[in-house]
Amino acid sequence: MVAEQIEPVRSSFPENYTTTALPEIMANISPQLPPLVRGRGLTIWDADGNEYLDLCGQTLNMALGHAHPQVLADLSDQLGRIWFTSSKFGSEPFLELCRRLVALTPDGLDTVNLKQCDAADAVETAMKLSRLHTRREAILCVRGGWHGETIATVGMNHQHRYPLVGEVGPIRYSEDNTLESLAVAAYSNPDVAAVIVDPIGVSNGLFRPETIRAGLRSLRAACDHTGSLLIFDESQTYGYLGEGLFATCLYGVTPDLLCLGKALGAGLPLAATMCSQELRSLIIYGEAEFTHGGQVLPARAGLSGLEFLVANQQTITDNMRAFQDAMGEVARQCPFLDLRLSGFFAAFRPPEQVAPDWIECAVRRGLERGLLLRNNHSIAVLVKPAVIIDGATSTAVGRRLSVLFRDVEDEMGTRSVTAAPVVIATSGLDLAHRQPAWAESLRALVPTASIRRREPAEMAALAGALKSIGVKCQMTSSSDQLKRASLATFLRQIDDDAEGREVANTIILHHQRWIEMAHDHGLVLGDRTAHTAAFIRSGVVLCELGWALEGDGELAAFEEALAIAHLTSLIAAPSVRDDLQRRLVPAYLRRVGEPGRPMIERLLSRPDHQRG
């Protein structure tokens, strides 16, 4: 496996995703590139004057491209009238868009809640309706799907299933990331309130197109059999399928609930949940209407965009076919990639064993060449232009992509790298006994446990399993690299100032998150100290998977206690250290119960786990 490049220690703390010239902005939304200042059609320009071809639709919101003349004219007209109303009054654009959406969807989707801002709002509304109707709680999702970032919807993505961030009620997953697997799971889980799926699997790197129709029919049959409701999350697909506005129309399968967002507002915040009249009155006032949802300007933009999509259906379909032909030619020029096509979505998938690094390189090199591409959850390079892309532009894009992908292949390769020699670093190990320095505490606290070295193949399998659930890790790195970027290096620099508190909080809480996520998925890691993780450009990364814990007893509880004790003990600033321990220790005991108390108390009080 390809190890992530570790950054050397600089004069202060490392440059990574938390580093920004704008510390007043949260790290997760801090821009890494110059701000965009202008857009026209498929082209956008940044503040430094760089020009880009937008092949992402700006996360699929700009289905009509930038500054679309019809949308601009309608918004200008509306600005001179009124742009905010209360729910009691509503507005003409709001009412008309509701009517138009109901008229265009199949029978059975004959009522709509349009007073929503974001697709996550729409998904949560569908969840509420499903639970009220079925009197059940659990929701079933396809593994690898993505349905939003609210506390409820982020927990529906198994890669980010971290209870403190996203867990509201029971969420279940299919065995793998296919429609077929989801249908099997739907039959096997007859007690779920609803099954939710993006019909073409955008976040899954696209389902195989030839399987979609049969897979959705199987899902419909399964839900009919169990009484679960079927939810189509079409927030990413609306308007992008060429031959129809909705996947439900294209594939001839009608869900019980339909969620819309992204392109629905033509770039303004707007989302909708559609359902049958039977479900219309289950939610009462105060449960699913948002202050800025369905407001006048987004509704007018959405109505304008809808009218354009309907009036230009044939042209859009012709554009789609030309785009697909051009992407097919890219696939022929680049046989080392697997291509999946649905509508205006083209997912180029390298072999799984090299996908994260290959895709990251392709997106980065594309940006350098003025092409905005999407890293699709480290599964595929996703190309998803606005539907206004014409045949000539698609052909030109195809030529540029072919050159780009061949250049990345020359740079990165798609050959398997799992056979490369594995070097196990010795940081944190007691070389005299060839065991970690914390082995004495393990023997005292978990007498039935043992420690052994993993084989390279086991390490590769564990690293793959961790990455599949969203844990950042790499199998190994050289000891010199670890010394420069290990968590121990940075924790020892912590002072009681704003920067120090931020870095300490980030390092330790992110490190604990990865360990807890692994344990929640049944994975016990082994040597988890500040010497066996790095703080690099993408944040905290777990390294050194060479030691395995085995046997009966509370191995996961020991591992979590070891991490808390070791990382916090390295902080010289007492106020920072004590504050973290006050938060982490009670939370740890809530997770593991009283058996964890002697573990955390011993490890906090004894220095033997710090050697190395």
Which heavy atom of [X] sits nearest a heavy atom of [Y], and at what distance?
X	Y	answer
Ile388	Gly41	CD1-CA, 3.9 Å
Ala533	His511	CB-CD2, 3.7 Å
Gln324	Ser342	NE2-C, 4.0 Å
Leu219	Ala186	CD2-CB, 4.3 Å
Ala271	Ala122	CB-CB, 4.3 Å
Gly65	Ala386	N-CB, 3.4 Å

Test item: [X] side-chain N/O and [Y] main-chain N/O as donor-acceptor pair under 3.5 Å:
X	Y	value
Arg400	Arg369	yes
Thr153	Glu149	yes
Ser174	Arg143	yes
His521	Leu523	no
Ser394	Gly391	no
Asn61	Thr59	yes
Trp358	Glu352	no
Thr317	Gln313	yes
Arg349	Gly205	yes
Asn312	Thr315	no

[X] [atom1] to [Y] [atom2] distance, which is reported to the nearest 0.5 Å:
X	Y	atom1	atom2	answer
Leu250	Leu245	CG	CG	11.0 Å
Leu140	Met156	CG	CE	9.5 Å
Arg40	Glu51	CZ	CD	13.5 Å
Ser235	Asp121	OG	CG	11.0 Å
Tyr52	Leu33	OH	CG	6.0 Å
Glu175	Ser181	CD	OG	6.0 Å

For a side chain to side chain contact (heavy atoms under 4.5 Å, CB included) check, start with the C-alpha distance between Lys467 and Val471, then their side-chain angles and the critical distance, and finish with the verdict.
CA-CA 5 Å; Lys467 289 181 179 180; Val471 173; over 6 Å; no
Derivation of the side chain to side chain contact (heavy atoms under 4.5 Å, CB included) call for Met320 and Val387:
CA-CA 7 Å; Met320 180 199 70; Val387 300; over 6 Å; no
Assign the ring pair Phe345 / Tyr240 to parallel, tilted or perpendicular, where the plane angle (0 to 90°) is split at 30° and 60°.
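Ring orientation, 0 to 90° scale: tilted.
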How are the rings of Phe308 and His68 set relative to one another: parallel (under 30°), tilted (30 to 60°) or perpendicular (over 60°)?
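Ring orientation, 0 to 90° scale: perpendicular.
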Side chains of [X] and [Y]: closer than 4.5 Å at any heavy-atom pair?
X	Y	value
Lys472	Val541	yes
His66	Thr43	no
Pro356	Glu360	no
Cys259	Phe232	no
Gln58	Leu372	yes
Phe405	Asp407	no
Ile44	Arg38	no
Leu525	Leu542	yes

[X]-[Y] side chain donor-acceptor pair, cut-off 3.5 Å:
X	Y	answer
Asp390	Thr393	yes
Asn157	His147	no
Ser203	Gln236	yes

Applying side chain to side chain contact (heavy atoms under 4.5 Å, CB included), run through Met327 and Leu341 and close with a yes or a no.
CA-CA 8 Å; Met327 296 304 101; Leu341 279 170; 3.9 Å; yes
Assess whether salt bridge (charged side-chain N to carboxylate O under 4.0 Å, His left out) is satisfied between Arg399 and Glu329, documenting all intermediate values.
CA-CA 9 Å; Arg399 286 196 293 265; Glu329 182 58 29; over 6 Å; no
Verify salt bridge (charged side-chain N to carboxylate O under 4.0 Å, His left out) between Arg406 and Glu409, making sure each step is shown before the conclusion.
CA-CA 5 Å; Arg406 288 199 300 267; Glu409 173 64 10; over 6 Å; no
Does a sphere of radius 6.0 Å around CZ in Arg374 hold more than 12 heavy atoms from other residues, nucleotides or ligands, not counting ones at 6.0 Å or beyond?
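No, the 6.0 Å shell around CZ holds no more than 12 heavy atoms from other groups.
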With a cut-off of under 6.0 Å to the ring centre and 45° to the axis, is Arg454 in cation-pi contact with Trp547?
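Relative to the ring axis of Trp547, which defines the angle, Arg454 lies outside at least one limit.
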Positive for side-chain contact (heavy atoms from CB on, under 4.5 Å) with Glu234, one of Thr248, Leu264, Asp198
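The passing option is Thr248.
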Take Val197 and Phe207 through the side chain to side chain contact (heavy atoms under 4.5 Å, CB included) test and state the conclusion after the steps.
CA-CA 11 Å; Val197 68; Phe207 300 134; 4.1 Å; yes
Inspect the contact between Arg513 and Glu516 and indicate whether a charged nitrogen and a carboxylate oxygen are less than 4.0 angstrom apart.
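No salt bridge links Glu516 with Arg513.
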